[in-house]
Amino acid sequence: MAAAPSGDSRGGVPPATAARVAKLRREIEEHNRKYYVDDAPEISDADYDALFQELEALEARYPDLLTPDSPTQKVGGAAKTDFAPVRHAIPMLSIRTETDTVAGAAAKFDARVRRELALDAAAPPLEYLAELKFDGLAISLRYEDGALAVAATRGDGEVGEDVTPNVRTIRSIPRKLRGRNLPPVFEVRGEVYMARRDFAELNARQQAAGGRLYINPRNTAAGAVRQIDPAMTAQRPLKFFAYGIGETRGFARPATQRAVQAALEGFGFPVNADSVVARGPADLAAFYESVALRRSDLPFEIDGVVYKVNSLALQDTLGFVSREPRWAVAHKFPAEEMATEVLGIDVQVGRTGAITPVARLKPVFVGGVTVTNATLHNEDEVRRKDVHIGDTVIVRRAGDVIPEVVRVEMDKRPRGAAAFAMPKRCPECGSAIVRLPDEAVARCSGGLFCPAQRKQALLHFASRRALDIEGLGDKLVEQLVDADLVRTPADIYKLGSADLAALERMAEKSAANVSAAIEKSKTTTLARFIYALGIRHVGETTAKDLARHFGGLDALLAADEAALHDVRDVGPVLAESIARFFAEGHNRDVIAALRKAGVHWLEAAPHRDSAGVLGPLAGLTFVLTGTLPELAREDAKARIEAVGGKVAGSVSKKTSYVVAGADAGSKLAKAVELEIPVLDEAGLLKLISRGSA
DNA sequence: GATCCTCGAGTTCT
DNA sequence: CTCGAGGATC
């Protein structure tokens, strides 16, 4: 940390003030770290803000004290923890997850491996190693001449973060390999984790000290490894299991995965003993069953088991499909389910007025987080699941993310528990709630008169894929609408910094940031603008089609329903919806006001041919899945579209290529099933550049 | 008229 | 991610 100006008084700064500024900076950095890295803030937001404001005030008063590295100068105040990047000599793989029944998953994997190896049914069963899948943080340890040289997180599989100083504090990781004639290079792959008991003790200490409790062992372990200060890591009871090797030099590779375990133990690494050599799929399924029964008795958390082909020679033969080995699968346990109580069923109002019932739940810890809400989608869904208020329900996190009510425990229903009744009037604006005969969704009829819909419309307008106004989030929109400072998107452009700064939780600095973001959003594209308007049934894709078809906004405004029909993928419903939107005087006024405020874009000549611009990838449809090493998903999409390709959301027979990155999910599986060619990022880039050459 | 393919919209928590 | 529904295709 760069010190505040030192001893020699300059600009008449009292030494006590300089010291106070330095202290504030230290404290704020520390709290940032607790908040962002430890995920365990020590002070309330209000106290934090007070420190921050004091520092800002002092810096404003004594500009000499202002240094570029002051926390006040960092965007968003976030202490981005930048560890040095480390490129893995051999990529750290992600293992494909099999989702099927117990017997099915093992059988599928076995069948796939046998097919790849061209084994016929008469061939003897294959040998596998079945291991536990630890729920921790994957780490690669590089030993040079026997000494730990680099420890890196997995990152995206290609490039991880250098966490060597932190990892050195973990006692079960040897600093030097055991034995003689050590290989010049030896990389170990394994998992850093926190044992259940250690986690509980850590939390007991936290509680005694009056600190915030940690959520779960995995996040705590991951947070601890990514500490800025290794001394903090040292205070966390972390452990390690080794399970594989990366690059090696001067090391005779063993013949089997089992022998790799033995070699790792020989070098002094802890290897979990709970693994078996299995013959054929039935043995794998039996291992899974046995582990599932013992899961809660294990001293650490696991989220499934891993099956690997035991022979390393066969592993080499099998190779990879875009960064996923064909010789291993993870077989995860089904999502954890917990019982809890339905405290009530509220409704939420969406941008289109859709009324969504949401179950308010008694907080329950499931799948690693505390869940308090779960969507019930719509009236029919509530009826189908037959959820009443006061019911005990089983909850899980679908796809390991979004909480869902699985079912009701009928025998626990209290007498007289009330069923859900769709309200007649919108809770936000009092307008009638209407459900059209063939629709599943009930809607508030208030339109933009309804504050909830107005807020959602504004959020949509400012969202990343629309005009992308950074910093204009739900809290801010809430205040702006409630204070009646903003009614339509056009009003956003009338806000001055002073208006913003007058709001709660808005210091001058943040207000200036938002102002700048608003200014920046004025330069946009026609497609984004159309999308931002929030026309029913017009999403990102349709907005692009409209922009391309008409070229300019005036042509679109002038189009009647028949003209709209000519746009690709626009049928009667969309044509009517679009025409009705633009026929509305209010909407035309808002559009005019936005243009007047300076929102602008480059207009192009209309492309009446619905095939769109021609490019080397014209006519090809791509589906993206997983995380690519370099390109963000949006970038990849833009690159493909720039040369005429199309990016779709799901895999079908019409898909030309699937581009798969790390942790690819069901879409990759579907691609393999439909025998659609799979590319990695490099393959995609090659295709783009070769095509355009 | 049935079926398949997409797109749109809504959603949780950190 | 998942569901519902619009549009295209056979």
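By convention in this document, chain letters (A, B, ...) are assigned in the order of the sequence lines, proteins followed by strands, and residues within each chain are numbered from 1.
- OP1 or OP2 of B:dC13 lies within a sub-4.0 Å distance of a side-chain N or O belonging to A:Thr372.
- Atom P of nucleotide B:dT6 and atom CG of A:Asp569 are separated by 10 Å, given to the nearest angstrom.
- If you measure from atom CG of A:Leu459 to atom C1' of B:dT11, you get 14 Å, rounded to the nearest angstrom.
- At B:dA9, one or more side-chain N or O atoms of A:Arg351 fall inside 4.0 Å of OP1 or OP2 (strictly under the cut-off).
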*What do the steps show when you test A:Arg384 against A:Glu381 for salt bridge (charged side-chain N to carboxylate O under 4.0 Å, His left out), and what is the final call?*
CA-CA 5 Å; A:Arg384 217 170 9 243; A:Glu381 177 86 358; 2.7 Å; yes
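- In the set B:dA9, B:dT11, B:dC7, B:dT11 carries the atom at the smallest distance from any side-chain atom of A:Thr375.
- Of the candidates B:dC7, C:dG7, C:dA5, B:dC7 carries the atom nearest the A:Thr541 side chain, counting heavy atoms from C-beta on.
- The listed nucleotides are C:dG4, B:dT12, B:dG8; the one nearest the side chain of A:Asn378 is C:dG4.
- Side-chain nitrogen and oxygen atoms of A:Thr352 include at least one within less than 4.0 Å of the OP1 or OP2 phosphate oxygen of B:dG10.
- Donor-acceptor pairing under 3.5 Å is recorded for the side chains of A:Thr352 and A:Arg443.
- The phosphate of B:dT11 has OP1 or OP2 within less than 4.0 Å of a side-chain N or O from A:Gln348.
- With distances taken from any side-chain atom of A:Thr542 to the nucleotides B:dC7, C:dG6, B:dT12, the minimum falls on B:dC7.
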